[in-house]
Structures are given as C-alpha cells and as structure tokens.
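Here the structure is laid out as structure tokens; the discussion comes afterwards.
All chains are named by letter (A, B, ...) in the order of the sequence lines, taking the proteins before the strands, and each is independently numbered beginning at 1.
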Number of protein chains: 2
Amino acid sequence: MTNPLPLKSEKPSRTTLRDVAILAGVSEISVSRVMRNAPNISDSLREKVMTAANALSYTPNRVAGALKNQTSNLVAVVLPSMSNDVFPSVLDGIETVLNEHGLHAVLGVSEYDSERELRVVRELLSWSPMGIILTGLHHSDHIRGMIAQLDIPVVQIMDVEGDPIGSAVGVSHSVAAVAAADYLHGRGYQKFGYIGAWSERPGRSRARRLAFERRLAELGTPLVASHISKDRSSAIVGSEATKALLSAHPNIDCLFYANDDLALGGLFHAMRAGIDVPGKLGLMGFNGIEIGKATPLPLTSIETPRFEMGEEAARLLLSQSSEGFRVVDLSFKLVEGGTT
Amino acid sequence: MTNPLPLKSEKPSRTTLRDVAILAGVSEISVSRVMRNAPNISDSLREKVMTAANALSYTPNRVAGALKNQTSNLVAVVLPSMSNDVFPSVLDGIETVLNEHGLHAVLGVSEYDSERELRVVRELLSWSPMGIILTGLHHSDHIRGMIAQLDIPVVQIMDVEGDPIGSAVGVSHSVAAVAAADYLHGRGYQKFGYIGAWSERPGRSRARRLAFERRLAELGTPLVASHISKDRSSAIVGSEATKALLSAHPNIDCLFYANDDLALGGLFHAMRAGIDVPGKLGLMGFNGIEIGKATPLPLTSIETPRFEMGEEAARLLLSQSSEGFRVVDLSFKLVEGGTT
DNA sequence: CCAACTGTTGGTAACGTTGTCATTTGATTG
DNA sequence: CAATCAAATGACAACGTTACCAACAGTTGG
C-alpha cells in the first residue's frame, strides 16, 4: 500500500541513515552525527534521532563508513598458526584490548608459509584496517611496501631481535636460551641434548636452539645431540623423541625442549621409564604453560607472557600514531620446577 | 624532487581501478572484470590490464566492493572465549576451510556474556559479512532478528540439542554424558563425584553434568557430590578440587570432570598422593586433549572433534544457500585410557 | 542596531567498486 | 551483401556513509 507499483519485488534491504532521517524528520547527516556522538548536537535532535533509530533498529553500515573514511575499526592480525598453543593466548590478549576500544580482529593464518602470508596480508589490507599485527620480524619487501602504501600502524609480535617495521613487542629468544643454558649448566648438568619438532619451522625456536648451542659451547659443555622431529609438536612426539635421543645417547643428562608440550612428553616418558628426574636427567621446557605447573614434578621452564604480549601489541597499535614506534622487550621468567 | 609544488600535501592515496584503467588505456569496468575473472574477456584486454595492475601493484578495495555488493568475503565468528582450549581448535578448523575459499574470519569474543555477545554481533554484522558462526544454540530474539534482517547464512557450533537458527554442528553433550555414566558404571565404580570449574558458565558443561547426574540416578548409583570451582578451569584447579572433594567424601571411587585440564590435574594429584588409579579411583575427562594421551597413565576421556567441528561449520556456511539448513551431529569417541 | 561570533543543522560531493544497461566489433548466415 | 547474433567493451548510476562547506538562528558587545 505504501509503495505503489512495486513491480520488481522490492528487496527489503537494510535500513539506512536515510530511513532514520525521514522518520525523525531531520537530515541524513544529522543522523550520522548523532550515531557517531559528534559534538554540537542539541538534545532535541539527539532524542528525535535516537527514537527513530531504535524504532527501526538501525545499525550503521560500517562498510560505507570505511569507504568514505579510508579506514575502519578492523585490525588485521596475521599469525603463523592456530594449532600452536602460543598464538591463541596472544590472540586472546589482542582481542581483550581491541574489544575495549570497539575494534575487531580480522584473522589471517600463514601456516609459516611466506607466500601464503603475502596473500593473506594483501587480502586483509584490502579491507582498509586501521592497523596490522604481524608475527615475527622477517617480512618481505613486498609486504613492507603494501603496508607503507596504506600508511597504517604496524606491530610485530613475538620477537624483538631484528629490524622492526613499526613497533614490536616480544621476548628476546636468544637471551632466554642463554639464560636456560646458564641455569642448567649451573645446576651441574654436563651432557646436553635438545629436542624440537615440526622440522623447526623458520620461527623463534631455531633462534633459541642456536643461542642455546652457542652458549653451551662457550661454557665448555657443548651440545651432545639434538633431535628435531618432523611431526608437529605434541607431548606424544616429545615422549618419542626423548626415548629415541636417550637411547642413541645414553650419556645425556639434561634435555632442553623447544616448548613445554615436548618437555612434558619427555617428563612422562621419564616417569614411565623410571628415570630419576632431576637426579639422572634434567628437563626444561619453554613457554611456561599452565599444565606444566600441575604435574607431580612441576616442569622447569621459561615462562613467556603470551597474553600480555597480545595486550601490549594492541596497545602499541592504538598509541602508535601519537607516540611513534616502540620496541617492547617483555621479560621472560625462568621458573624453576622440580625437573632440574 | 619528484613532486613539484605539492602545496596541498598530495595524499598519495591508494591506487584504484581508475589508475590501472588509465595506464592500461581501458575503462575502469574492464579492469574490474579482469580482476574478478569475469567471463568474456579477451586475452589482449586481460594482458593489458594485468600488466598495468602489476606495475602499480594494485590491490582491489574490498570495502568499496562490499558496499556495492552488499556482501563481503568476511565471516563473523563469535566465540565465548579464547582462553578455553576448545575454541582455538574450532577456530583453526574454521580458518582452514575459509582460507581455501578466500574468506576471512572477523572475530568476536563474548566472554559468556549475552549482553556483550549482542554488542559484538551487532558490530560484526555492520560489516556485511557473508555469513556468521555463533556458539551454542541459545541466542536472544534480538540477535536472531538482526541476522534475519541481513538474510545471511548462520551456523551454530558446539551443540545440536535445541532449536538452531540455521545450520548447526556439534556433539550431543547429554548423550556423551550418558555414555560416560554408562561406561564408568560398567567398569564397576559406585560412588561418583563430579568436578567443574569457573562457576560453570552457562555452557555445555552444565548440560553434561545434568545428564550425567540423571543417568547415574537411573543406574542406581546417584552422584555422591560435586565440586564446582569458582576459578577458571585449569590443571591446578583440577588438582585442588580433587583433593578437596576427596577429603570431604573419602568414599568416592570415581570422578568425572568437566574437561581434560581438570581431569589431568586430578590425575596428577592422585599420583602425588599415591592414590591407586584406576584401582581405588577412576578418573574421566572430557574433550580428549592431546596431552592426556601422553601421560604415564593415559587419561580416559570423551574425544570431541573440535577441529573438524570448525571445518564442518565453515563448510555448512558455504553450502547453506544451495543446500539449506542442516544439523550435523558429529560423533564423539569414548577413549579408554588407563585411568579407569 | 549591526557586526561578529558560537552553536546547530543541512546540501553536496565524494569514497572505489560493480550491476545494468548500452554500444561496438567481428563473425555468421540466408 | 545485408541481416543477425554473440562476444567484448564501455557509460552511468548506484551502494551508505561522512568531510567539507554553507546557512541559519541566537547571543554578545560595541
């Protein structure tokens, strides 16, 4: 009745500023201003608009807003993996802070593949995010170029040793590895082994292993052997790798693992095999996951502030325009458990 | 040097279709068509355009496209939490499938708060996502209304017992709990306890507990006691809760936990306390997390296909327009470990 | 009583893309 | 050879919002 001759099956379409404006008897721009809490709005206008908006249950279309503004309330977040326990924690921290500011994360997962990362970054940037969070410090010039073109804040997480594009927040993995080596050496262990997994993706675990090896050599107790499993890191892989490495090198008296999952696997193997931990064998992990604190013998590990890293990354992103680039080296904590 | 007299601070702005069109000597719409692989494009046109596009390293602006199209390649994903281990796995599965289709997840976290969920859903919907994935089956009419207005596919994950908005994929938690009760009862346990955490957020753990209790009563071995910690679920909390519950009810001979973290905590407590598991005390978790398979005594648990659930959710979303609503009840698997 | 404000509202033109029409070109056919 | 048709390309007008002015109503002060 209201619409004469709706021949072409009127699509209801979403309610727009215009609908609200008409119902409220004001201009579209006024509605826009009220919705955005712009300054200099009379109470009467605000009320008229709000009433109309509620009546129509109007929701602003961010897409249009973003197009006009050349920016959005989206933040591109590119992580190498979602199956590694570390990144969900970081993402949790990111989300927590973003949420407080009405921002939202658009997720990209690179699977440690730089080509895929490039693709994902391109796709995410095509959404005009207000900023981007990347993992690690190694990114192709192509990626750097695309980001530079958009001129949006960048924060790189996990690592602080290198040449950041914008801000960065993470822990110093080589320093952590050196701390681990020093600690273990100080505990009197002499014959060290290292266990990693997933063919050691080009990540931070390699940096740790190398620094660990170097330090051990300096200390006069060079690494005896290491075992890098092809499989994805897990406690089971940790058990198997530990068993394999120990049977090949029975003289090893201390194992440093790429992460706590592997280390817990090693601990469980030792328990099953009746190996005296920490007497005959020391075990140390990395990350400080929660469950490692609950085992009968709590796992010695290096605790990294993953959630806080995410929070800080989001904060850096938000403050970058005003405060410029910053590199935040969050301190890790060597947690002495019962396994060393 | 390159730019003479850029008085009004030329903003470089992003390169657009127009720039490519000019360089290639064709119309904008032709560039658009080439970029989208539209049909009926001559090879010569395609080549001209691609050359120009590469030269300018042009990336289409999805925001503009989405505005015009009223839809996007974004998928809104609303999860209750990122700190619970379950959801990252599901998200991983979602991302895996979305990625294959060039889609991206925009994340929303409700923290089990329906008001916050409402806000998040509203914000995400304002991005004209091509679909939305929600957790659980209980959503306010307000949310249902907003989604209906946009007329986009919905998939609800985790649960299948209830009245879905669109498609749904999950496991039947009450059936799983009954299976657990039957199994444990069949193993000869008589005095049952239940341990939960985080004040049992209105989630699926409550459904499991209630079904578990009901079934035990039917079997003639009603629940002796339960302990719901206020703290967030973790292995440590599991240890403490187990200790507390057992000292208050020393006759309990079997514990069913809300999840594997708690259960592992219980197992570790038993190991420390020298309790004979599974002889004097049976322990059973829920979810089937990886680490539970590596413990000296593998944890009996109900394995839920979390990653697959995410994959299936994404698939359902993509196929919904063509195939209509579907409810997919993924089967859980009772994994008998050494703790029962 | 007018000039110069301040505070409030509105009109218009983008933002970059794509659907819906033309329109052009070349090939095919009676 | 004109008529017909399909394939290829282009012009134009949206999509819904907001930046940038312009306009207007009150005040204030000289």
Give a yes/no answer on whether the side chain of Ser32(B) brings an N or O atom under 4.0 Å of OP1 or OP2 in dT17(C). no

So, is Gln70(B) close to the dG16(D) phosphate, meaning a side-chain N or O under 4.0 Å from OP1 or OP2? yes

Counting just side-chain N and O atoms, does Tyr58(A) come under 4.0 Å of either OP1 or OP2 of dG16(D)? no

Reckon Ser30(A) has a side-chain N or O less than 4.0 Å from the OP1 or OP2 of dG10(C)? yes

Taking the nucleotide of DNA chain C with the closest heavy atom to each, which residue, Arg33(B) or Ala64(B), is nearer the 5' end? Ala64(B)

Mind checking if Pro60(A) touches a base, just sugar-phosphate, or nothing, with heavy atoms under 4.0 Å? sugar-phosphate

I'd like to know if Arg119(B) and Glu115(B) make a salt bridge, using a cut-off of under 4.0 Å between side-chain N and carboxylate O. no

Taking the basic N atoms (NZ, or NE/NH1/NH2) and the acidic carboxylate oxygens, is any pair closer than 4.0 Å for Arg315(A) and Glu311(A)? yes

Would one find a side-chain N or O of Asn40(B) under 4.0 angstrom from OP1 or OP2 of dA8(D)? yes

Find which nucleotide of DNA chain D each of Ser44(B) and Arg18(A) is nearest to by heavy atoms, and output the residue with the more 5' nucleotide. Ser44(B)

Arg36(B)-Ser32(B) side chain donor-acceptor pair, cut-off 3.5 Å: yes

Donor on one side chain, acceptor on other, Glu95(B) and His104(B), under 3.5 Å: no

Quick one: is dG10(D) close enough that its OP1 or OP2 comes under 4.0 Å of any side-chain N or O from Ser27(B)? yes

Rounding to an integer number of Å, can you tell me how far Lys68(B) NZ sits from dT17(D) P? 15 Å

